[in-house]
Amino acid sequence: MLRFPLLYFGIIIALPALGIADDPLPTLTSARELRNLPATEAARSYPVHLHAVITLVEPQRTIFLRDDTGAGFIRWSNGLPDLKAGERVDVEGVSYPGLYLTGIVGKKVTILSEDEPLPPRPVDYEQLASGQFHYDWVEVQGVVRSVTPGEKYSVLKLALGNGSLDVYPTTDETFSAENLVDATVRVDGIAAGYINDRRQLVAPHLRIRSLTDVTVLEPAPEKPFDIATTPASELLRFAPNGRAGHRVKVRGVVTYQEPGSAIYLRDNVQGLRVHTATTDPFSPGETVEALGFPTMGTLSAELQDATLRRTGETTFAAPVAVKATELASGKFDADLVQIDADVRDIVREADRTTLTLQSGNTVFQAIAHPPLPESELPEPGARVRLSGICHVIEATQPSRSFSAHARAFEVLLRNTGSDFTVLRRPSWWTTQRLAVAAAALLGLVVLSLAWAASLRRQVRRQTTVIRSQIEAATIADERQRIAREFHDTLEQELVGVTLRIEAAATRARDSRLRELLSSTHRLVQQLQTGARSFVWNLRDSSLTTQPLAEAIRTAVAGSTTGHQLEIRTLGEARRLPESIAHELLRVAQEACTNSVKHGAAHTIKVTLDFTTPACIRLQVEDDGRGFDADAPVPAGHFGLLGIRERVQKLGGEFHLQSEPNKGAAITVTVPAP
């Protein structure tokens with residue numbers, strides 16, 4: 001039952017491999033279909049077969065054509081016939097994406113007939129910028145702004161409507177600009193443009209076959225410098241009979257030059273920025289005539305694509321003394337001005353020096369290009385008087401207003417010695433020096449506080465040491481006093497009692513009396529031994545000469561003779577106050593004695609633990625017979641009671657662990673000083 005479904009499934013899988021499943025791509029037969037084809041689809045190489053008329057041929061590059069539906073192009077390839085404008089052709093090929101719109105990779109082009117070239121479509125700048133007539137044969141009218149000769153061909157700049165566009169010949173051709181600049185012309189050509197990597201039209205331009213595609217409608221003046229001079233203050237003003245779009249002549253005194261970019265002039269009224277590509281040097285004070293096209297700059301009128309001519313006259317141009325508020329209003333845009341300001345900051349770069357200045361409440365920048373010499377730079381905080389060109393760099397148009405105002409400006413320094421004067425040196429107490437002094441003072445305060453804190457800690461440590469030494473000396477003196485008193489009283493009296501008993505025993509004739517005297521003599525001797533041990537304990541000074549662990553070993557050596565004794569220390573041993581060390585020594589001594597005397601232990605382990613900074617732990621373990629730790633202490637046994645009292649005196653904790661026939665362990669934990 002599964003055999004036939006599996007067979008059908010295999011046939012379905014095999015169909016794409018055999019080319020049967022996909023429908024063949026449709027053939028494109030018009031330029032409109034090509035223009036409407038997305039780039040992703042154009043990359044699939046749709047077949048193309050159409051009839052069209054050649055409009056322009058770029059040899060070895062591109063062939064432009066048009067049919068009744070629109071314009072298109074063929075990418076050049078070997079094997080195509082020589083074509084020229086006006087020929088009607090039959091084109092066969094495949095689609096490809098192109099830079100901006102879909103084109104044709106030509107496989108076969110057949111010339112059908114030779115007709116007259118197609119008439120161009122009249123368009124304006126906005127239509128060119130929209131791209132709707134891209135690669136179509138068009139016609140534009142405008143005023144020639146400039147002609148830039150190149151090594152192989154010249155580029156014509158044409159102003160029309162709200163913009164300007166470059167015009168390129170498709171052949172290597174150069175031509176003179178003398179009779180074209182400022183002429184009104186009609187240009188026939190292919191609408192093209194500069195395309196970015198995102199397939200976007202950045203700016204339109206025109207491709208023409210040759211200069212024959214440029215028709216002069218209104219020639220330029222034969223002697224352009226003979227036209228009337230226009231004051232800078234009259235540029236772009238309302239004029240009922242004005243001749244818009246053409247060049248004007250302005251006469252003025254040079255105030256500043258940016259070689260290859262612009263030159264600044266001043267006529268009798270105001271300053272003017274003139275854009276020119278000339279690199280010929282002009283000195284401040286020269287009187288020149290400038291022919292250029294008036295355009296609106298950031299805030300005021302400027303001349304574009306200007307040509308300059310020297311007059312041979314020289315006039316001194318004095319800067320206008322102004323306030324920062326006047327510069328901020330834009331009134332002196334492009335003029336030579338003089339202003340007093342305070343230097344706030346200086347930035348030195350390879351090609352310029354930028355000074356940040358403040359005059360009143362206005363902060364602005366002054367730029368010197370090329371950079372000012374290091375020796376001429378003022379220090380931040382200095383008061384300076386500088387002369388330079390006011391350049392409005394940003395303007396604003398308030399809503400519901402007919403006026404435009406400056407938003408920001410800068411001053412262009414001319415790098416001459418007379419344009420920069422220091423009026424007042426900065427105070428020695430600059431911001432940097434104040435910061436250094438404040439930092440040094442703060443450092444001294446911090447060091448003083450640290451030294452005082454260190455001294456306080458040192459005094460506290462010394463006080464503690466002295467107090468400990470005094471306490472130790474006081475305790476030692478008191479113990480020695482008690483030992484002396486005990487030796488001179490009780491011990492001496494016990495010696496006297498012993499002598500009397502010995503004398504009485506030699507005279508006693510009754511055997512029971514002698515036995516009684518002998519037992520009494522032994523008891524007194526035991527009392528003497530205990531008294532001497534007590535006196536020795538009071539006079540014991542081993543803790544002052546050796547660590548606590550060694551003092552314990554010395555103290556229990558006599559009572560643990562014949563037994564295995566192990567004493568170990570955990571952590572780094574610390575020297576303890578004698579009051580604590582003495583009590584721990586006696587606890588260890590009493591515990592070891594009990595292990596031998598009552599527990600009959602063979603091995604005794606003593607551990608001193610210093611690993612915890614806040615406390616000291618002493619543990620005594622044995623393998624003796626042990627006992628019931630919860631049972632009452634028998635009468636007359638005061639060892640454990642004494643240990644508990646010593647630990648309580650030190651504010652510590654006492655723990656006893658023992659079971660019959662399982663040894664015993666005493667753990668004492670006391671706080672560290």
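Closest heavy-atom contact between Y256 and H369: OH-O, 3.9 Å. Nearest heavy-atom pair, H134 versus G193, reported as atom, atom and distance to 0.1 Å: CE1-N, 3.5 Å. In this structure, V320 and F332 approach most closely via the heavy-atom pair CG1-CE2, 3.8 Å. Taking each heavy atom of E394 and T298 in turn, the nearest pair found is N-CG2, 3.7 Å.
Under a cutoff of 6.0 Å and an axis angle of 45°, R309 and F225 form a cation-pi pair. A cation-pi arrangement is absent between R121 and F133, since the terminal nitrogen or guanidinium carbon is not both under 6.0 Å from the aromatic centre and inside a 45° cone about the axis.
For N361, the CG atom counts as loosely surrounded, since its 6.0 Å shell holds 12 or fewer non-hydrogen atoms of other residues, nucleotides or ligands. Within a 6.0 Å radius of CG in D68, no more than 12 heavy atoms belonging to other residues, nucleotides or ligands are found. By the neighbour-count criterion of 12 heavy atoms within 6.0 Å, atom CD of E349 is densely surrounded, having more than that number from other residues, nucleotides or ligands. Atom CG of D351 sits in a crowded spot, with more than 12 heavy atoms from other residues, nucleotides or ligands closer than 6.0 Å.
At least one side-chain heavy atom of P224 sits less than 4.5 Å from a side-chain heavy atom of R247. With contacts defined as side-chain heavy-atom distances shorter than 4.5 Å, the pair V411/I389 does not qualify. Side-chain contact between R66 and D136 is present, with heavy atoms from C-beta onward closer than 4.5 Å. Taking the side chain as every heavy atom from C-beta outward, T27 and T29 approach each other to under 4.5 Å.
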Could you go step by step and tell me if R251 and E289 meet the salt bridge (charged side-chain N to carboxylate O under 4.0 Å, His left out) rule?
-> CA-CA 4 Å; R251 180 186 177 94; E289 292 177 335; 3.5 Å; yes
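A centroid separation of 6.0 Å or more is found between the aromatic rings of H391 and F409. Checked against the 6.0 Å centroid criterion, the rings of H205 and Y168 qualify as a close aromatic pair.
With respect to L158, the side-chain contact (heavy atoms from CB on, under 4.5 Å) criterion is satisfied by exactly one of V185, L206, V143: V185.
Of the possible polar contacts, one joining the Q257 side chain to the D280 backbone as a donor-acceptor pair under 3.5 Å is found.
Classified by interplanar angle (parallel below 30°, tilted 30° to 60°, perpendicular above 60°), the ring pair F64/F73 is tilted.
A salt bridge is absent between R186 and E218; no separation between the charged side-chain nitrogens and carboxylate oxygens falls under 4.0 Å.
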